[in-house]
Amino acid sequence: MKTTTKILTIILFFGLFSCDFKNENQEYAEMLIEKVETFKKENNRLPKNVSEFGLTEFMDSPAFYQIENDSTYIVWYGLSVGESKIYRSSTKKWTKEG
């Protein structure tokens, strides 16, 4: 009985942690989109990278910004190994890929 309770507690803990982690990444990604859109309105172009609006991107950043061409970009973050959630400015929609 004690072993079952421990296992269920561990599963619940990891489940809750992963939900918070995904929500944190989603919130950061949405903030990136807002900053890119604001930059675009003020400068009539997309930023080359996040440093143009005051952020620093690291290998372990919660989300990433990438220019596709002069008028479109993507913002993405990892969900699990080989799976990402991607926002495409051309469609203004999120998709899961991987």
Side-chain angles (χ1 to χ4, degrees):
M1 185 72 132
K2 289 183 180 182
T3 304
T4 304
T5 304
K6 287 179 184 179
I7 291 171
L8 289 174
T9 302
I10 290 169
I11 291 170
L12 180 64
F13 174 76
F14 282 114
L16 291 174
F17 176 75
S18 67
C19 288
D20 287 343
F21 184 70
K22 288 178 187 173
N23 288 339
E24 195 174 290
N25 290 353
Q26 181 74 32
E27 287 176 18
Y28 186 84
E30 289 172 2
M31 181 270 302
L32 279 180
I33 294 165
E34 287 178 33
K35 289 193 174 283
V36 170
E37 291 297 329
T38 299
F39 184 96
K40 184 177 172 183
K41 285 178 187 173
E42 292 174 354
N43 298 283
N44 296 317
R45 67 174 179 86
L46 291 173
K48 293 177 183 140
N49 54 51
V50 297
S51 66
E52 286 201 79
F53 49 81
L55 296 177
T56 304
E57 195 169 82
F58 298 102
M59 295 272 297
D60 62 347
S61 291
F64 302 91
Y65 161 76
Q66 180 180 336
I67 292 177
E68 289 191 302
N69 59 47
D70 289 342
S71 61
T72 63
Y73 65 92
I74 62 172
V75 171
W76 64 275
Y77 62 91
L79 295 172
S80 62
V81 176
E83 186 176 44
S84 299
K85 194 162 182 187
I86 301 172
Y87 172 85
R88 297 186 184 284
S89 65
S90 58
T91 62
K92 300 199 182 312
K93 293 185 180 184
W94 287 96
T95 58
K96 282 186 184 179
E97 296 182 19

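Hydrogens, waters and symmetry mates are skipped; everything else that's a heavy atom, side chains included, is used.
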Enumerate the salt bridge (Lys or Arg N to Asp or Glu O under 4.0 Å) contacts for residues 75-93, please, sequence neighbours excluded, ordered by first and then second residue. E68-R88, R88-E97
Please tell me whether [X] and [Y] are part of a single hydrophobic cluster in this structure, the criterion being side-chain heavy atoms less than 4.5 Å apart.
{"X": "V50", "Y": "V75", "value": "yes"}
{"X": "W76", "Y": "M31", "value": "no"}
{"X": "V36", "Y": "L55", "value": "yes"}

Atom [atom1] of [X] and atom [atom2] of [Y]: how far apart are they, to the nearest 0.5 Å?
{"X": "I33", "Y": "I74", "atom1": "CD1", "atom2": "CD1", "value": "11.0 Å"}
{"X": "E27", "Y": "E30", "atom1": "CD", "atom2": "CD", "value": "7.5 Å"}
{"X": "F53", "Y": "K40", "atom1": "CZ", "atom2": "NZ", "value": "13.0 Å"}

Locate the shortest heavy-atom distance separating [X] from [Y]; write the atom from each residue and the value.
{"X": "K48", "Y": "I67", "value": "CA-CD1, 3.7 Å"}
{"X": "S89", "Y": "T72", "value": "OG-CA, 3.3 Å"}
{"X": "F39", "Y": "L46", "value": "CE2-C, 3.9 Å"}
{"X": "T56", "Y": "Y28", "value": "O-OH, 4.5 Å"}

Minimum side-chain heavy-atom gap Q26-Y87 below 4.5 Å: no
May I have the list of side-chain donor-acceptor pairs in residues 58-65 shorter than 3.5 Å, sequence neighbours left out?
unit_1 : atom_1 : unit_2 : atom_2 : d
S61    : OG     : F58    : N      : 2.7
S61    : OG     : F58    : O      : 3.0
Y65    : OH     : P47    : O      : 2.6

Just checking D70: does its CG atom have more than 12 heavy atoms from other residues, nucleotides or ligands closer to it than 6.0 angstrom? no
Would you say the side-chain atoms of N49 pair up with the backbone N or O of S51, donor to acceptor, closer than 3.5 Å? yes
